[in-house]
Structure formats: C-alpha cells, structure tokens
Amino acid sequence: MARVRYGARTEAEITAARTASSRLPDIWSTGVVAVWESDPDAVAAVLPPPLKPTARPLVRATISTVDLPGFPLGAGSVAVAAEHDGVEGWYPLVMPMTHERALIGGREVFGEPKKLGEVTVERDGLLVRAALARHGIAFVEVRGAVAGALPVPEPARKTDFYFKFLPAVDGSGFDADPVLVHCVRNEKVRKLERVTADVVLRESMYDPVADLPVRALVEITVGEKTSDQTGRVVERVSARALLPYIHQRYDDPQQILDGPPRGSA
C-alpha cells in the first residue's frame, strides 16, 4: 500500500524535522522601524492585565521583508510599550504576514497575533516607502528619505509579550486559563540608517491602529537585522480579565464568542 500522508510519522522523521529546524542559519531581514509617542490613555487602554504601561507611551511599527529560500516573506507588527513583573518590552496588537507558514507557527506556539496581510518595503535610491495593509487598507504607511548612516548597535535582547489561549468550544470564553508568554529575541544588526519620514495611520475597522495617534516621532530607521527567539510561559492569567480584549485577535470576534453555528462542519 502506498504511504498514507495523513498517517503517523515515525520517530526518526519527527527527530529529523526538529534537528533541521534547530540548525537554521541566520536569516536577515530588511525593514523600516518607526517609533512614536502616543496618547498615554490610549496605550494603557489596549493593555490586558497583568501588563502595565511604561513611563513613555510608545508605539512601534515594524515593516520588513525576509529573503527566505523559496518564498520571500513580508512580516510586520504594530506594538505598544509594556511592562510585566519588572521586565519592559512590547505588546504587539497586530502582526501581518504574507504567508500562512509564518502565521501558523507564531499563533499556535507563541500566541502571536498574526494575520494574513500585505507588507511592502520599497527603496529607490534614498527614497523609502513601507506599509502594512489588510482588506485593501494600508493602515500604516511610512514615506520618507534616508538621511544618513547610523552606528551599528551591539547585539540586543528584546522581549515581546503574548497571550496564548484557546476559545471555548461552547463559546463561553476559554477552554482553559490563558497564559502570558515572554518571547525573548536576540537581535543582531549589520546595517542601520536614519530616515526622515512621515507616519500615516489610516482608519480601519479591522486594524484600528489609528486610535494610537502620532503625538511625537521618536525615530524612524531602515536596516538589516537577524534574530532568534525563545518563549516561556511566565504565568496563567485571569480568563475573565482577558476576555474583554479577545477582539484584538480577530477580525470578527463574534465568530468565537457566539460559538459554532448549528450544522457547521
């Protein structure tokens, strides 16, 4: 009988897959990063407990292309500065990806708020344009020009915060208490340039980052970087406290809050 591809894999195949993934070379991305100060009340409003605002109400948009073998990837995020248990980091609200492969692992393993979307990074001489778009709306766009080289920073350790959960089968909340994940990235940069640009936030009912207005630009850069990442569950969190924020993850939160429709397959 020919092999049934949905059948169980052997232990040797599982081990080989794990070994291959652990030996990946550095994968470099080219991207634009914009950081701005926003409304402190707006930043605080999007943070589920136990996350807390930091001293500065910062928002960061990251818009990158990754030259992966066989399928170039566009990857982006919009995140707000946050703190948990003495650790400062970033809480991403949306992470558009151009391929399902990049979306699935991040959502299911780390709890990242990834969604399929369009990611654009263009450079023509000194001119730079970068954008994140979904449902035909470029909800974040950066347009400007490279203003000069910056010193290459030392390798840095950065933390993102994610909530990992499973919506309940009966639509009543979650199947178990959600967990808070600290995702640590060790980042290396090989090229960095300063960009003089404008950040445009467009209204979108699906990705309402326009609610985090640009009060003062902190910096905009374009660079080449690589990073690895490891995650750990730091604590279980209150399902009741997280439920009011669950809509952040979905375009249509009614799909999970109301449970499956009758007769669905």
Side-chain angles (χ1 to χ4, degrees), residues 27-38 43 46 58-68 71-81 89-103 106-107 110 112-147 149-150 153 156 158 160 162 183 185 187-204 206-214 216-227 229 248:
I27 298 173
W28 294 87
S29 66
T30 300
V32 172
V33 179
V35 179
W36 64 90
E37 282 196 8
S38 190
V43 170
V46 302
L58 298 179
V59 182
R60 181 192 68 188
T62 303
I63 309 168
S64 302
T65 56
V66 189
D67 191 17
L68 291 175
F71 61 102
L73 169 70
S77 74
V78 178
V80 297
W90 297 90
Y91 174 61
L93 296 167
V94 61
M95 300 177 70
M97 301 284 136
T98 57
H99 291 291
E100 187 180 23
R101 180 178 177 182
L103 183 152
R107 285 180 68 101
F110 294 98
E112 296 173 329
K114 289 183 173 180
K115 299 177 180 179
L116 287 175
E118 299 172 23
V119 180
T120 303
V121 179
E122 300 171 339
R123 180 166 180 174
D124 182 6
L126 296 179
L127 299 180
V128 174
R129 176 184 177 269
L132 300 176
R134 297 181 67 250
H135 300 288
I137 302 169
F139 58 91
V140 177
E141 184 173 10
V142 180
R143 285 183 178 269
V146 173
L150 291 170
K158 299 182 178 180
D160 280 352
Y162 304 122
C183 183
R185 291 181 172 83
E187 183 180 277
K188 294 186 294 185
V189 179
R190 66 182 180 186
K191 182 178 181 181
L192 194 66
E193 295 172 290
R194 182 169 55 87
V195 177
T196 301
D198 293 321
V199 175
V200 178
L201 306 178
R202 294 189 177 89
E203 175 58 34
S204 169
Y206 302 104
D207 305 289
V209 299
D211 292 348
L212 301 166
V214 180
L217 280 172
V218 176
E219 66 174 2
I220 303 176
T221 59
V222 60
E224 298 176 7
K225 65 184 66 176
T226 186
S227 65
Q229 72 178 47
Q248 295 175 345

Which residues pass the salt bridge (charged side-chain N to carboxylate O under 4.0 Å, His left out) test with R202, not counting sequence neighbours?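 R202 satisfies salt bridge (charged side-chain N to carboxylate O under 4.0 Å, His left out) with E141 once adjacent residues are dropped.
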
Set of residues satisfying side chain to side chain contact (heavy atoms under 4.5 Å, CB included) with respect to [X], sequence neighbours excluded:
| X | result |
| --- | --- |
| R123 | L126, V128, V146, E193, V222 |
| S77 | R60, T62, M95 |
| L116 | L103 |
| E118 | A133 |

Test item: [X] and [Y] side chains (from C-beta on) under 4.5 Å apart, heavy atoms:
| X | Y | answer |
| --- | --- | --- |
| P96 | V94 | yes |
| Q229 | F110 | yes |
| V140 | L201 | yes |
| C183 | R185 | yes |
| I220 | W36 | no |
| T65 | P72 | no |

Report the residue from L132, V66, L73 that forms a side-chain contact (heavy atoms from CB on, under 4.5 Å) with V119.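 For V119, the side-chain contact (heavy atoms from CB on, under 4.5 Å) check succeeds only for L132.
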
Is there a donor-acceptor pair under 3.5 Å between the side chain of T120 and the backbone N or O of A130?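 Answer holds: no.
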
I need the minimum non-hydrogen distance between R143 and A197, along with the two atoms involved.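 Closest approach of R143 to A197: O-CB, 3.0 Å.
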
Partner set under side chain to side chain donor-acceptor pair (under 3.5 Å) for E187, not counting sequence neighbours: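 If we apply the side chain to side chain donor-acceptor pair (under 3.5 Å) test to E187, skipping adjacent residues, the hits are K158.
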
